[in-house]
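What follows is a set of notes on a single structure, which appears directly below.
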Amino acid sequence: MQLSETIYAEIQDLAGRGNEAIDQGRLGDAITLWQSALQLLPTPASQWQAAFWLYASMGEAYYHLELFDEAIVVLNQALTCPESKENPYPYYMLGKCHWRLEHERAAEYLLQAYELDGQGIFAADMVDGEVCLQYLYDRGLL
């Protein structure tokens, strides 16, 4: 099943505008644009590839706004998409959110991200990557 060209173009436009908003530091605007794009998807949204990257993008924006609980909600929605099964990103972001909230589940998600991508996803994160990887070592998980 495919989206109509019109709906796909609208989603692409909203997603692009969301990315521009992120680049300009307008995180809240980006989230609103991505939510609008999600609303264009036929239900269930999780069946569409676009839903995965929209949820994941929103999760990252919420994370940077330090709205970790909101990030967890949308990142869990990303995990309902088929694309998530082999993608370490939502697991990594969930791990970081739980780590920031000092939840024990942080290790579970960070370890899942490590199992899918090794140190790569941690190395790509210049802010928290090294600390999150050390978190796993400190718990004897690596």
Side-chain angles (χ1 to χ4, degrees), residues 1-4 7-142:
M1 187 166 27
Q2 290 192 7
L3 294 172
S4 74
I7 290 178
Y8 182 76
E10 274 188 76
I11 291 170
Q12 288 290 93
D13 178 60
L14 288 165
R17 290 176 29 212
N19 292 340
E20 289 172 13
I22 283 287
D23 292 344
Q24 296 168 358
R26 297 181 296 117
L27 300 164
D29 292 341
I31 291 167
T32 299
L33 289 160
W34 292 327
Q35 287 171 332
S36 296
L38 275 168
Q39 291 174 356
L40 295 174
L41 293 171
T43 56
S46 63
Q47 72 180 322
W48 302 101
Q49 185 178 19
F52 173 75
W53 48 264
L54 290 166
Y55 286 133
S57 297
M58 288 175 17
E60 183 173 356
Y62 280 127
Y63 178 85
H64 288 296
L65 288 168
E66 297 184 6
L67 297 171
F68 305 119
D69 290 322
E70 288 86 343
I72 288 169
V73 169
V74 294
L75 291 164
N76 277 319
Q77 289 173 307
L79 288 182
T80 68
C81 301
E83 291 79 8
S84 70
K85 304 308 176 228
E86 295 180 18
N87 191 314
Y89 188 76
Y91 297 102
Y92 182 67
M93 290 304 298
L94 278 163
K96 285 180 33 165
C97 289
H98 284 287
W99 170 69
R100 291 284 184 188
L101 293 169
E102 299 181 5
H103 294 165
E104 285 300 314
R105 293 204 69 191
E108 171 190 338
Y109 288 114
L110 291 171
L111 187 58
Q112 181 68 30
Y114 184 87
E115 289 172 358
L116 289 169
D117 194 44
Q119 292 187 12
I121 195 156
F122 295 86
D125 181 355
M126 302 307 250
V127 177
D128 297 322
E130 189 174 318
V131 176
C132 286
L133 191 58
Q134 188 61 48
Y135 176 85
L136 292 176
Y137 280 110
D138 291 347
R139 277 149 190 75
L141 299 169
L142 297 179

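These numbers come from the heavy atoms of this one structure, side chains and all, not from hydrogens, waters or symmetry mates.
Partners of Arg26 under the salt bridge (charged side-chain N to carboxylate O under 4.0 Å, His left out) rule, at least two apart in sequence or in another chain, are Asp29. Not counting sequence neighbours, Tyr89 has no partner by the ring pair (Phe, Tyr, Trp, His ring centres under 6.0 Å) test. Residues that satisfy the side chain to side chain contact (heavy atoms under 4.5 Å, CB included) test with Ser36, not counting sequence neighbours, are Leu14. With sequence neighbours excluded, the residues satisfying side chain to side chain contact (heavy atoms under 4.5 Å, CB included) with Ile7 are Leu3, Ser4, Ile11, Leu40. Partners of Gln134 under the side-chain hydrogen bond (donor to acceptor under 3.5 Å, both in side chains) rule, at least two apart in sequence or in another chain, are Asp138. With sequence neighbours excluded, the residues satisfying side chain to side chain contact (heavy atoms under 4.5 Å, CB included) with Ser46 are Pro44, Thr80, Cys81. Applying the side-chain hydrogen bond (donor to acceptor under 3.5 Å, both in side chains) test to Glu108 and every residue at least two apart in sequence or in another chain returns Arg105. Remark: Tyr55 pairs with no residue by the side-chain hydrogen bond (donor to acceptor under 3.5 Å, both in side chains) rule, at least two apart or across chains.
The salt bridge (charged side-chain N to carboxylate O under 4.0 Å, His left out) contacts involving residues 33-58 comprise nothing, where partners must be two or more places apart or lie in separate chains. Sorted by first and then second residue, the salt bridge (charged side-chain N to carboxylate O under 4.0 Å, His left out) pairs involving residues 66-94 (not counting sequence neighbours) form an empty list.
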Could you give me the CA-CA distance, side-chain angles and deciding distance for Leu110 and Leu141, then say whether side chain to side chain contact (heavy atoms under 4.5 Å, CB included) is met? CA-CA 10 Å; Leu110 291 171; Leu141 299 169; over 6 Å; no
Taking it one step at a time, do Leu111 and Leu142 satisfy side chain to side chain contact (heavy atoms under 4.5 Å, CB included)? CA-CA 8 Å; Leu111 187 58; Leu142 297 179; 3.9 Å; yes
For Val74 and Gln77, what are the C-alpha separation, side-chain angles and deciding distance, and is it a side chain to side chain contact (heavy atoms under 4.5 Å, CB included)? CA-CA 5 Å; Val74 294; Gln77 289 173 307; 3.5 Å; yes
Apply side chain to side chain contact (heavy atoms under 4.5 Å, CB included) to residues Leu79 and Tyr109 and explain how you reach the verdict. CA-CA 11 Å; Leu79 288 182; Tyr109 288 114; 4.3 Å; yes
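Asn76 contributes a side-chain N or O that, together with a main-chain N or O of Ile72, makes up a donor-acceptor pair within less than 3.5 Å.
Residues Ser57 and Trp53 share a closest heavy-atom pair of OG-O, 2.7 Å. Nearest heavy atom pair, residue Ala107 against residue Arg139, reads CB-CD, 4.3 Å. Closest non-hydrogen pair, Pro90 versus Ala78, comes out as CB-CB, 4.4 Å. Scanning both residues, Leu54 and Ala15, for their nearest heavy atoms gives CD2-CB, 4.3 Å. Counting all heavy atoms, side chain and backbone alike, Ala30 lies closest to Ile22 at CB-CG1, 3.5 Å. Across every non-hydrogen atom of Leu65 and Gly28, the tightest pair is CD1-N, 4.4 Å.
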Under 3.5 Å, sequence neighbours excluded: what are the donor-acceptor pairs made by side chains of residues 91-99?
{"residue": "Tyr92", "atom": "OH", "partner": "Asp125", "partner atom": "OD2", "Å": "2.7"}
{"residue": "Lys96", "atom": "NZ", "partner": "Asp125", "partner atom": "OD2", "Å": "2.7"}
{"residue": "Lys96", "atom": "NZ", "partner": "Asp128", "partner atom": "OD2", "Å": "3.3"}
{"residue": "His98", "atom": "ND1", "partner": "His103", "partner atom": "ND1", "Å": "3.0"}

For residues 114-122, dump all side-chain donor-acceptor pairs below 3.5 Å to protein atoms at least two apart in sequence or in another chain.
{"residue": "Asp117", "atom": "OD2", "partner": "Ile121", "partner atom": "N", "Å": "2.8"}

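The shortest distance between side-chain heavy atoms of Asn87 and Phe52 falls below 4.5 Å.
Counted within 6.0 Å of CD on Gln24, heavy atoms from surrounding residues, nucleotides or ligands total more than 12; the atom is thus considered enclosed.
Put simply, CD on Gln35 and CG on Leu38 are 7.5 Å apart, with the number rounded to the nearest 0.5 Å.
In this structure, Phe68 has its ring center under 6.0 Å from that of Tyr63.
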